[in-house]
Amino acid sequence: MIDIKFLRDNPDLVRASQRARGADESLVDQVLAADEKRRASLSEFESLRAEQKSVSKSVGAIMGKLGAAKKQGGDVTAIQAEADEARAKATELAAEVKRREAAADDEGAEFTGLLKKLDNIVLDGVPAGGEDDYVVLEHIGEPTTFDFEPLDHLALGEKLGAIDMERGAKVGGARFYFLTGVGARLELALLNLAMNQAVEQGFIPMITPTLVRPEIMDGTGYLDAHEDVYHLPADDLYLTGTSEVALAGYHQGEIIDISGGPKRYAGWSSCYRREAGSHGKDTRGIIRVHQFNKVEMFVYCDPADAQAEHQRLLDWEKEMLAKVELPYRVIDTAAGDLGGSAARKYDSEAWVPTQGRYRELTSTSNCTTYQARRLGIRYRTPEGRTEPVATLNGTLATTRWLVAILENHQQADGSVKVPAALQPFLGTDVLKPL
RNA sequence: GGAGGCGUCGCCUAGUCUGGUCUAUGGCGCCCGCCUGCUAAGCGGGUUUGGGGCUUAAAACCCCAUCGAGGGUUCAAAUCCCUCCGCCUCCGCCA
């Protein structure tokens, strides 16, 4: 949710942001109109409410007098009449207050509904346009070349006894898989490497709930894309597609202390995605699956620090990619391809030899104060005011990384070299075919 | 799954039975000031959060809401009723 005060003062900036995203510009004026209406009817209701309260209070005072007079055994008819009169007036007032309150509530809900539809304001420098309008920021390493015909990750995985798609489908259906033997160990190695790095950098390691309540899912902005989210109707819970959701919900409704610097969490969780919009895409292997594991960085910080923190997250992702020795590029995602909560997003994409292209391995978003405003997460400024924090997230490792690791480090005999950083976790420098 | 207890402004706590001087009590902590060789003690004041108004803006000020959440009854709800959430105790079941 964006700041309504900012919107009132800078409608043109918000319009420009909507335009860059290819989103509805007229929403801005709808929100502003709804805001006017809601404030007018709120004022009306509140002043009438104040009147009702004072009349009602006077009834209380009269009741007190009445009680005292009764106790003394005096004549109470005059006081009784006064009480009846005041009460009658209050009754009338109460009915009108109820009507105005309902109107104010309706207009408030209308306003909030519209405001929530507005996506985050994209930052200066974010390329305008859609999915293909990204800007490549840098290339690290050269695409891997082979003097033999490389196998794809699934063929390699099957030879190594690392991936079993067939039984995955038997047990869970399409887009499910088993990681077996060295496959399971390789994933654990990767995730542990990521977790270790995060801890070294001062992150608090977290293992998070993967089922969350509707408020949390909505607060992070993912319910807007609800067709891609698993829902358990019997319990009204949602399966999270990333631990970002639980980590953002962790401080929901709190005023947190960031006076000592950003709060950084590293979440380890299984992630669940319906992949509803991607039928037929990436159906081979484990590139796009319904369930995978991920280590995710999540940060709460001073909004003034958010852009610098975003760079740091990107640097830490690059550090992980260097450790597993992959060639990749970094892109600055275009406005239209940002999630609704994100103001800027950098993806790192590793080279996948058998596809001859780069595929996303990490994604780091600066959500500025958008999520925090929805979730009610604030900090105290040095002046003592409460303001929404900025939230940011970024990937440190996922199951998908196995695809790039297997393919880029394969050798002619079907074995796969293990990057040095992973060797201590696996106890070997090469994975050999069965 | 069943039975019972509980949820109050950072923490603890009074108030709930019997609706109205509750504008929510007191303590601790914290902040400001006074006093004081220094410290401690003492004294005085302040200390939930959100929204609306006023204001160029902020502060101050006024108003509305806020006693786990949401609804209801009533002129009036922390207090009565309903639903939900969470915590605790016991029983049952279970990996």
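Below, each value reflects all heavy atoms present in this structure, side chains not excepted, and no hydrogens, waters or symmetry copies. Every chain is numbered from 1, with letters handed out A, B, ... down the list of sequences.
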Chemist: With a non-hydrogen cut-off below 4.0 angstrom, is A:Arg373 in contact with a base, only sugar-phosphate, or nothing?
Modeler: nothing
Chemist: Between A:Ala335 and A:Val126, which heavy-atom pair has the shortest distance, and what is it?
Modeler: N-CG1, 3.7 Å
Chemist: With RNA chain B as reference, determine whether A:Asp105 or A:Arg8 sits nearer its 5' end, using the nearest nucleotide of each.
Modeler: A:Arg8
Chemist: Could you tell me the separation between the CG atom of A:Leu42 and the C1' atom of B:A65, rounded to a whole number of Å?
Modeler: 10 Å
Chemist: Going by the angle between their ring planes, with limits at 30° and 60°, are A:His251 and A:Tyr265 parallel, tilted or perpendicular?
Modeler: tilted
Chemist: Strictly below 4.0 Å, N to O, side chains only: are A:Asp257 and A:Lys263 in salt-bridge contact?
Modeler: no
Chemist: Across all strands shown, which nucleotide pairs with B:G10 by Watson-Crick or G-U wobble geometry, both distances under 3.5 Å?
Modeler: B:C28
Chemist: Report the distance from atom CG of A:Asp9 to atom C1' of B:U56, rounded to the nearest whole Å.
Modeler: 11 Å
Chemist: Considering Watson-Crick and G-U wobble pairs with both distances under 3.5 Å, what does B:U23 pair with?
Modeler: none
Chemist: For B:G71 and B:A77, measure between their C1' atoms and round to the nearest Å.
Modeler: 14 Å
Chemist: Can you see if the side chain of A:Arg49 gets near the phosphate of B:A65 - specifically, an N or O under 4.0 Å from OP1 or OP2?
Modeler: yes
Chemist: Scan every strand shown for a Watson-Crick or G-U wobble partner of B:U66, both distances under 3.5 Å, and answer none if you come up empty.
Modeler: none
Chemist: Taking the P atom in each of B:G7 and B:C17, what is the distance between them to the nearest angstrom?
Modeler: 14 Å
Chemist: Just how far, in rounded Å, is P of B:G10 from CD1 of A:Ile256?
Modeler: 17 Å
Chemist: May I ask you to verify if any side-chain N or O of A:Gln52 is less than 4.0 angstrom from the OP1 or OP2 atom of B:A76?
Modeler: yes
Chemist: Let me spell it out: for each of A:Ala90 and A:Phe45, pick the nucleotide of RNA chain B with the closest heavy atom. Which residue's pick is nearer the 5' end?
Modeler: A:Phe45
Chemist: Considering every strand and a 4.0 Å limit on heavy-atom distances, what is the contact class for A:Glu92: base, sugar-phosphate, or nothing?
Modeler: nothing
Chemist: Expressed in whole Å, how much space separates the C1' atoms belonging to B:C28 and B:G46?
Modeler: 16 Å
Chemist: Write down the distance separating the P atoms in B:G29 and B:G52, rounded off to the nearest Å.
Modeler: 37 Å
Chemist: Do A:Glu25 and A:Arg19 meet the salt-bridge criterion of a basic N to acidic O distance under 4.0 Å?
Modeler: yes
Chemist: Looking at B:U16, which nucleotide sits across from it as a Watson-Crick or G-U wobble partner, both distances under 3.5 angstrom, or is there none?
Modeler: none
Chemist: For B:G4 versus B:A60, give the span between their P atoms, rounded off to a whole number of Å.
Modeler: 49 Å
Chemist: Could you tell me how far B:A65 sits from B:A58 if I compare only their C1' atoms? Round to whole Å.
Modeler: 24 Å
Chemist: Under 4.0 Å between any heavy atoms, over every strand shown, what does A:Lys53 touch: base, sugar-phosphate, or nothing? Just pick one.
Modeler: sugar-phosphate
Chemist: Taking only N and O in the side chain of A:Lys89, is any of them less than 4.0 Å away from OP1 or OP2 of B:A76?
Modeler: no
Chemist: Name the nucleic acid region contacted by A:Ile255, choosing base, sugar-phosphate or nothing; use a 4.0 angstrom heavy-atom cut-off, strictly under.
Modeler: sugar-phosphate
Chemist: Just the rounded figure in Å: distance from P of B:G51 to CZ of A:Phe111.
Modeler: 11 Å
Chemist: Start with the C-alpha distance between A:Asp35 and A:Arg39, add both sets of side-chain angles, then the distance that settles salt bridge (charged side-chain N to carboxylate O under 4.0 Å, His left out), and finish with yes or no.
Modeler: CA-CA 6 Å; A:Asp35 180 43; A:Arg39 282 193 290 164; 3.5 Å; yes
Chemist: Kindly confirm or rule out a cation-pi arrangement of A:Arg38 over A:Phe111, judged by NZ or CZ under 6.0 Å from the six-membered ring centre and within 45° of its axis?
Modeler: yes
Chemist: If you take atom types as modelled and just measure distance, does the side chain of A:Glu46 reach the base of B:G51 with a donor-acceptor pair under 3.5 Å?
Modeler: yes
Chemist: Please report the distance, rounded to the nearest Å, between CG in A:Leu48 and C1' in B:C75.
Modeler: 14 Å
Chemist: Taking pairing as Watson-Crick or G-U wobble with both contacts under 3.5 Å, can you name the mate of B:C87, or confirm there isn't one?
Modeler: B:G5
Chemist: Which part of the nucleic acid, if any, lies within contact of A:Arg380, taking any heavy atom under 4.0 Å across all strands shown: a base, the sugar-phosphate backbone alone, or nothing?
Modeler: sugar-phosphate
Chemist: Could you tell me the separation between the CZ atom of A:Arg213 and the C1' atom of B:A69, rounded to a whole number of Å?
Modeler: 9 Å
Chemist: On a whole-Å scale, what distance lies between the C1' atoms belonging to B:C67 and B:U48?
Modeler: 11 Å
Chemist: To the nearest Å, give me how far apart CD (A:Glu101) and P (B:U66) are.
Modeler: 9 Å
Chemist: Please give the distance between the C1' atoms of B:G68 and B:C85 as a whole number of Å.
Modeler: 8 Å
Chemist: Can a side chain N or O of A:Arg378 be found less than 4.0 Å away from OP1 or OP2 on B:U49?
Modeler: no
Chemist: Hey, does the side-chain of A:Thr91 have a donor or acceptor N/O within less than 3.5 Å of a partner on the base of B:C75?
Modeler: no
Chemist: Checking all strands, does A:Ser47 fall into the base, sugar-phosphate, or nothing category for heavy-atom contacts under 4.0 angstrom?
Modeler: nothing
Chemist: Of all the choices, B:G52, B:C75, B:C63, which nucleotide is nearest to the side chain of A:Ala50 once you look at every atom?
Modeler: B:C63
Chemist: Taking OP1 and OP2 of B:A59, is either one under 4.0 Å from a side-chain nitrogen or oxygen of A:Arg385?
Modeler: yes
Chemist: State which of B:G52, B:U73, B:G20 makes the closest approach to the side chain of A:Arg39.
Modeler: B:G52
Chemist: Salt bridge check: are A:Arg374 and A:Asp218 linked by an N-O gap of less than 4.0 Å?
Modeler: yes
Chemist: Do A:Ser365 and A:Leu338 come within less than 4.5 Å of each other through their side chains, counting heavy atoms only?
Modeler: no
Chemist: Rounded to the nearest Å, what distance is computed from the CD atom of residue A:Gln252 to the C1' atom of nucleotide B:U49?
Modeler: 15 Å
